[in-house]
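Following: one structure in structure tokens, then a few remarks.
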Amino acid sequence: MEPESTASELTVAVRTSAQGVVVRPEGELDHDTAEPLRAALRSAVEEGLGRVVIDCAGLDFCDSTGLNLLLHTRLDAEEAGLLLMLAHPGPMVSRMLDITGVRAVFHIYPSVAEALAAPDL
């Protein structure tokens with residue numbers, strides 16, 4: 001008998017526009033589910049369309065693996081001359097950013113529309 005999987009699925013939607021790439025993960029982001037988001041973010045940075053917006057509204061959970069993925073992607077985007085922005089971080093993501101003290105290293109906006117409309121920094 002195989003053990004039952006307890007990992008929640010993470011789905012990732014990607015939308016490209018003239019302003020940049022919007023990546024929207026939905027579900028639980030942890031060690032077991034991070035790969036689809038990692039691949040989507042890598043592709044978004046490689047496309048080099050000016051800014052990458054991560055729409056956090058659909059994240060139900062994010063652990064240290066997810067946080068590290070966000071931090072590494074921020075560095076990769078910066079190295080490529082791109083802006084990485086977080087949009088619509090819910091209470092869980094906001095709390096994680098506050099507890100870990102990394103809120104200040106991200107450009108955070110209340111909505112995707114505001115992130116896409118923000119002036120280049």
Side-chain angles (χ1 to χ4, degrees):
M1 181 180 231
E2 291 185 33
E4 187 175 307
S5 173
T6 57
S8 174
E9 182 179 346
L10 181 78
T11 60
V12 180
V14 179
R15 178 173 50 100
T16 302
S17 72
Q19 294 85 11
V21 178
V22 177
V23 179
R24 181 181 167 96
E26 291 192 26
E28 295 185 8
L29 175 55
D30 59 30
H31 176 73
D32 295 325
T33 64
E35 191 50 42
L37 181 57
R38 182 177 287 112
L41 291 173
R42 186 179 314 117
S43 292
V45 169
E46 288 172 359
E47 284 184 49
L49 295 176
R51 63 184 67 196
V52 176
V53 178
I54 303 172
D55 180 358
C56 300
L59 283 177
D60 299 325
F61 176 80
C62 182
D63 71 359
S64 61
T65 299
L67 178 60
N68 282 324
L69 176 56
L70 296 177
L71 289 167
H72 285 284
T73 302
R74 184 188 69 83
L75 293 174
D76 292 343
E78 195 174 273
E79 187 175 297
L82 307 173
L83 290 173
L84 178 77
M85 303 167 152
L86 302 183
H88 201 262
M92 190 279 313
V93 173
S94 288
R95 180 169 152 75
M96 177 192 62
L97 295 172
D98 290 337
I99 287 173
T100 58
V102 300
R103 177 178 288 279
V105 303
F106 288 105
H107 303 287
I108 302 174
Y109 294 86
S111 70
V112 171
E114 290 173 83
L116 290 173
D120 290 341
L121 304 171

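Note that the numbering runs from 1 along the sequence shown for the chain.
When hydrophobic clusters are built by joining Ile, Leu, Val, Met, Phe, Trp and Tyr residues whose side-chain heavy atoms come closer than 4.5 Å, directly or via intermediates, Val53 is not grouped with Val14. Connection of Val22 to Val93 is not established within any shared hydrophobic cluster, with ILVMFWY side chains joined at heavy-atom distances below 4.5 Å, either directly or through further cluster members. Under the 4.5 Å side-chain heavy-atom criterion for ILVMFWY residues, no single connected hydrophobic cluster contains both Val52 and Tyr109.
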Let me have the donor-acceptor pairs involving side chains of residues 111-121, under 3.5 Å, with sequence neighbours excluded, atom names and distances please.
| from | atom 1 | to | atom 2 | distance (Å) |
| --- | --- | --- | --- | --- |
| Ser111 | OG | Glu114 | N | 3.1 |
| Ser111 | OG | Glu114 | OE2 | 3.0 |
| Asp120 | OD1 | Arg51 | NH2 | 2.6 |

For residues 70-85, please give each side-chain donor-acceptor pair under 3.5 Å, one per line with the distance, not counting sequence neighbours.
| from | atom 1 | to | atom 2 | distance (Å) |
| --- | --- | --- | --- | --- |
| Thr73 | OG1 | Leu69 | O | 2.8 |
| Arg74 | NH1 | Glu78 | OE1 | 3.4 |

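With rounding to the nearest 0.5 Å, the separation of CZ in Arg95 from OG1 in Thr100 is 11.0 Å. Note: Leu59 CG to Leu86 CG = 9.5 Å, rounded to the nearest 0.5 Å. The CZ atom of Arg103 sits 4.0 Å away from atom CG of Asp98, with the distance rounded to the nearest 0.5 Å. Atom CZ of Phe106 sits about 7.0 Å away from atom CD1 of Ile54, to the nearest 0.5 Å. Between atom CD1 of residue Ile108 and atom OG of residue Ser94 there is a gap of 7.0 Å, rounded to the nearest 0.5 Å.
Annotation: side-chain hydrogen bond (donor to acceptor under 3.5 Å, both in side chains) contacts of Ser43 (sequence neighbours excluded): none. When the side chain to side chain contact (heavy atoms under 4.5 Å, CB included) test is applied to Thr16, the partners found at least two apart in sequence or on another chain are Val21, Glu47, Leu49. Every residue meeting the side chain to side chain contact (heavy atoms under 4.5 Å, CB included) condition with Arg42, not counting sequence neighbours, appears here in chain and number order: Glu35, Arg38, Ala39, Glu46.
The side chain to side chain donor-acceptor pair (under 3.5 Å) pairs that include a residue from residues 58-70 number zero, where partners must be two or more places apart or lie in different chains.
Scanning both residues, Asp32 and Asp30, for their nearest heavy atoms gives N-OD1, 3.0 Å.
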